[in-house]
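Here's the structure we're looking at; comments come further down.
Computed over heavy atoms, backbone and side chain alike; hydrogens, waters and symmetry mates excluded. All residue numbers refer to positions in the sequence shown, counting from 1.
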Amino acid sequence: MNKTKLINWLHILLPLLAGVLIYVLFRVPVTRLHTLLGIKHRWMELPPFWGRYWILYHFTDMCWAYSLTYSLCYFGKNKPWESAAISTFLLSFIEFAQGNYEIGLIDLGDLIYMVISAFLAFLVLKKREGQ
């Protein structure tokens with residue numbers, strides 16, 4: 001595997017790994033991932049600081065969004081704008097499909113951070129292609 005392919009694969013896999021590790025190590029086990037892995041208790045407590053909530057609840061979604069967008073753009077090389085648009089649509093759909101439709105309960109923060117992350121992945125890949 002050449003260096004460029006390796007770097008592209010790292011851009012896809014490392015954010016996924018980071019998000020999963022945060023979920024598994026620091027989140028209260030209430031997700032399907034915890035059930036799938038048989039985790040009944042949080043393994044570690046993230047120390048309290050100003051960015052704790054953001055890391056636990058937004059950064060993980062950003063990692064997933066970055067990885068999804070980067071992979072769609074990378075594997076759909078001929079149509080990166082369309083791939084980024086599909087990623088943004090899927091991310092929005094999944095966020096709204098989670099359930100709570102009362103005003104104020106849809107996690108608009110997640111949606112905003114995921115769109116920013118998707119755009120960032122698109123820009124990084126476009127810059128890498130230009131090198």
Side-chain angles (χ1 to χ4, degrees):
M1 181 180 294
N2 67 30
K3 183 180 176 184
T4 302
K5 280 188 179 182
L6 176 64
I7 290 172
N8 285 323
W9 277 102
L10 290 175
H11 272 276
I12 295 168
L13 297 176
L14 287 180
L16 285 177
L17 180 63
V20 167
L21 286 175
I22 291 169
Y23 261 90
V24 169
L25 295 176
F26 301 112
R27 294 275 302 258
V28 174
V30 295
T31 66
R32 288 190 181 120
L33 177 64
H34 289 100
T35 304
L36 186 71
L37 296 175
I39 298 171
K40 298 185 187 318
H41 305 288
R42 177 180 13 204
W43 289 2
M44 294 182 209
E45 180 78 30
L46 194 62
F49 70 102
W50 63 269
R52 181 178 189 266
Y53 181 87
W54 184 82
I55 288 173
L56 289 175
Y57 298 102
H58 296 300
F59 181 70
T60 51
D61 290 331
M62 287 182 74
C63 288
W64 181 70
Y66 182 92
S67 181
L68 174 67
T69 305
Y70 197 94
S71 63
L72 285 175
C73 291
Y74 178 66
F75 293 114
K77 288 182 182 183
N78 297 332
K79 300 180 179 186
W81 277 107
E82 291 88 343
S83 298
I86 289 169
S87 175
T88 303
F89 171 77
L90 288 172
L91 295 167
S92 302
F93 176 77
I94 290 167
E95 191 62 30
F96 285 109
Q98 289 181 18
N100 291 324
Y101 296 107
E102 297 176 32
I103 294 175
L105 294 180
I106 293 175
D107 199 347
L108 190 59
D110 273 348
L111 188 58
I112 291 168
Y113 286 124
M114 287 190 302
V115 169
I116 290 169
S117 185
F119 186 66
L120 178 64
F122 173 77
L123 291 178
V124 168
L125 187 62
K126 291 307 289 177
K127 180 169 175 55
R128 290 196 44 72
E129 285 177 351
Q131 292 178 346

About how many Å separate [atom2] of [Y] and [atom1] of [X], when rounded to the nearest 0.5 Å?
X   : Y   : atom1 : atom2 : value
I7  : L14 : CD1   : CG    : 11.0 Å
D61 : I22 : CG    : CD1   : 10.5 Å
L25 : E45 : CG    : CD    : 12.0 Å
L16 : L21 : CG    : CG    : 11.0 Å
C63 : L68 : SG    : CG    : 13.0 Å
F49 : W54 : CZ    : CH2   : 9.5 Å

Short side-chain to backbone donor-acceptor contact, S67 and W64, under 3.5 Å: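 Checking the backbone N and O of W64 against the side chain of S67, no donor-acceptor pair under 3.5 Å is found.
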Give a yes or no on whether the backbone of A65 and the side-chain of T69 come within a donor-acceptor separation of less than 3.5 Å.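 Flag set: sc T69 to bb A65 pair under 3.5 Å.
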For the student: nearest non-hydrogen atoms of P15 and L10, plus distance: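 Of all heavy-atom pairs spanning P15 and L10, the closest is CD-O, 3.6 Å.
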Classify the ring geometry of Y74 against Y70: parallel below 30°, tilted from 30° to 60°, perpendicular beyond 60°.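 Aromatic pair Y74/Y70 classed parallel.
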Which pairs count as salt bridge (Lys or Arg N to Asp or Glu O under 4.0 Å) when at least one residue sits in residues 62-76, sequence neighbours excluded?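 For residues 62-76: none.
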Tell me whether M44 is reachable from L46 by hopping between hydrophobic residues (I, L, V, M, F, W, Y) whose side-chain heavy atoms are closer than 4.5 Å.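 Yes, it is one cluster - the side chains of L46 and M44 are joined through contacts under 4.5 Å.
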Carefully, step by step, assess R52 and F26 under the rule side chain to side chain contact (heavy atoms under 4.5 Å, CB included). CA-CA 10 Å; R52 181 178 189 266; F26 301 112; over 6 Å; no
Please list, one pair per line, the donor and acceptor atoms closer than 3.5 Å that link side chains of residues 112-120 to other protein atoms, with sequence neighbours excluded.
{"from": "S117", "atom 1": "OG", "to": "M62", "atom 2": "O", "distance (Å)": "2.7"}
{"from": "S117", "atom 1": "OG", "to": "Y66", "atom 2": "N", "distance (Å)": "3.3"}

Check whether any side-chain heavy atom of L125 sits under 4.5 Å from a side-chain heavy atom of H11, and report yes or no.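 L125 does not reach H11 side chain to side chain.
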